[in-house]
Amino acid sequence: MTAHATSPTSGTPATPATPAAPPSVAATALALGDDALVLSHRLGEWAGHAPVLEEEVALANIALDLLGQARVLLSLVGDEDELAYLREERAFRNVQLVEQPNGDFAHTIARQLYFSTYQHLLYERLAASDGPLTGLAAKAVKEVAYHRDHAEQWTVRLGDGTPESHDRMQRACDALWRHTGEMFQPINGTADTDSTDGTSGIDVDWPEMEASWTASVTAVLDRATLKVPEGPRTGAWSAGAGRQGLHTEPFGRMLAEMQHLHRSHPGATW
Amino acid sequence: MVTKTPRATPQAQPTASPQDAAGRTETPLEAELRRLAGSVPDPELPVLTLAELGVLRSVRCLTPSSVEVELTPTYTGCPAVEAMATDIERVLHDHGMADVTVRRVLTPAWTTDDITDEGRRRLREFGIAPPRAVRTDQGPVPVTLSPTRTTAPARTATEPDTAAATLLGAPEPGDAPLRCPHCGSTDTELLSRFSSTACKALRRCLDCREPFDHFKEL
């Protein structure tokens, strides 16, 4: 069980029709699946709007990789379509970072840098462990390596570019910084956990991973002549709020767009 | 080019089929079905068959008329998997299997090393630079930052073109240089890390000036 039984709609993960995963792993699969799904949708919003064609294609390809990962992860929890299209905002368990609006290209790159570094480190660790997510992680870590590379290269290119690109990249890094702390809150390690051992079904040393993340991001920002942002790494209202179903204002609008077609035409197929 | 439905082959008799269970040696029928399924062309890269792409994992007969096929995706989100599954089902149905199940498996993860030599040759012929061998350890690890310009080889005067042609920042696949599939030059530059599909990058040859796709190492 993840949290308070929120959504009135079907398909809430409160009682996962778990094909193979024990509840704690289902909660982790849900959290990571939601991360991938939501970021995939955000990146998809660039289609038709990216600054150059190559980037349009790149962002769409990254979105596609994430969508594939989301499908595998959510399928461990229940029906992937019901989970994606019929849950209310409060039932999503993604970190708030991934739901942040695209902003300008620099914002999207900063979000990619922060998240793909996190995701890459996490999948590396899951791939090396032995659990129900190992297979997916071993596969996805190779894909995410390219996402991370893409984000790092662009961070350097924009940060160490023109004064204008430098300023905008710095602003983007600063603006999203406060959302980066929550990524390292142990998943399901909150008060609502029902696993008696207090674990998330995965074996990750979060503080160690956070240290790796910070070192990596710092190195990239240094190389990009950007300052490592200062200030708290979590929102003033709550730490780890996304994993508990609390989301920022733009998320509701994103979901409305993402779910509108399915909800308007239930059961429609091509 | 591969014909879509390779129907020529006479039926390998389903006589010896359901005896395996534990021993797991492939029966003649299974071998035949695997050959058929493997000869299905990749929907996105029709110059390659599924066998050459290395995505067909196993073919197992459950009864003389039902078969289970294991297929692994190149990328987790590869949308071609569904088309592959449909094509496999059709070919095996045509071969008299009433019940065909195609299962998607993720483990062990597909790697570009699974593409056969013949597959690589066909890719090159088609104008796509084939992937180089992937390192044996954990696979692609990014992290090394490269110059901000996306021109590829950071050449130093001392080294000729072998080590020079490694991709920027992207996984460093050991030894072999990346060659333009048109003229064979190793002097190429990266235009975009992602191209028409997730599995390819877009590059340009600095000698013949032709742009080309490169099947990325994975």
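Labels below follow one simple rule: chain letters A, B, ... track the order of the sequence lines, proteins then strands, and each chain is numbered from 1.
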Next on the checklist: Side chains of B:V134 and A:K142, heavy atoms from C-beta outward: is any pair under 4.5 Å?
Outcome noted: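 Not in contact.
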
Checklist entry - Is the shortest heavy-atom distance from the side chain of A:L64 to the side chain of B:P79 under 4.5 Å? => result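 Side-chain contact under 4.5 Å: yes.
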
Next on the checklist: Please classify the contact of B:T72 with chain A as side chain, backbone, both or neither, using a heavy-atom distance under 4.5 Å.
Outcome noted: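 Looking at B:T72, nothing touches chain A.
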
Item to check | Point-to-point distance, once rounded to the nearest 0.5 Å, from OG1 of A:T134 to CG of B:L106 | outcome: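 One gets 11.5 Å once the value is rounded to the nearest 0.5 Å.
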
Item to check | Between OG on residue B:S192 and CD on residue A:E55, distance to nearest 0.5 Å | outcome: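 These two atoms lie 6.0 Å from each other.
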
Next on the checklist: B:E82 vs A:R71, test: salt bridge (charged side-chain N to carboxylate O under 4.0 Å, His left out). Steps then yes/no.
Outcome noted: CA-CA 14 Å; B:E82 281 162 36; A:R71 293 185 63 180; 3.6 Å; yes

Checklist entry - Is the side chain of A:D65 donor-acceptor paired with the backbone N or O of B:T76 at a distance under 3.5 Å, no angle test? => result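 Answer holds: no.
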
Item to check | Short side-chain to backbone donor-acceptor contact, A:K139 and B:T74, under 3.5 Å | outcome: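 A pair under 3.5 Å: yes.
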
Next on the checklist: Looking at every non-hydrogen atom in both residues, tell me the closest pair between B:R193 and A:H150 and how far apart they are.
Outcome noted: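 That closest heavy-atom pairing would be CD-CA, 4.1 Å.
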
Next on the checklist: I'd like to verify something: which residue of A:G135, A:A60, A:A70, A:S40 has the highest number of heavy-atom pairs under 4.5 Å with chain B?
Outcome noted: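 Ranked by contacts with chain B, first place is A:G135.
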
Checklist entry - Quick one: of A:N61, A:V52, A:L136, who has the most non-hydrogen atom pairs under 4.5 Å with chain B? => result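 Max contact count across the listed options: A:N61.
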
Next on the checklist: Tell me whether the rings of B:F194 and A:Y146 are parallel (<30°), tilted (30 to 60°) or perpendicular (>60°).
Outcome noted: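 Rings of B:F194 and A:Y146: perpendicular, over 60°.
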
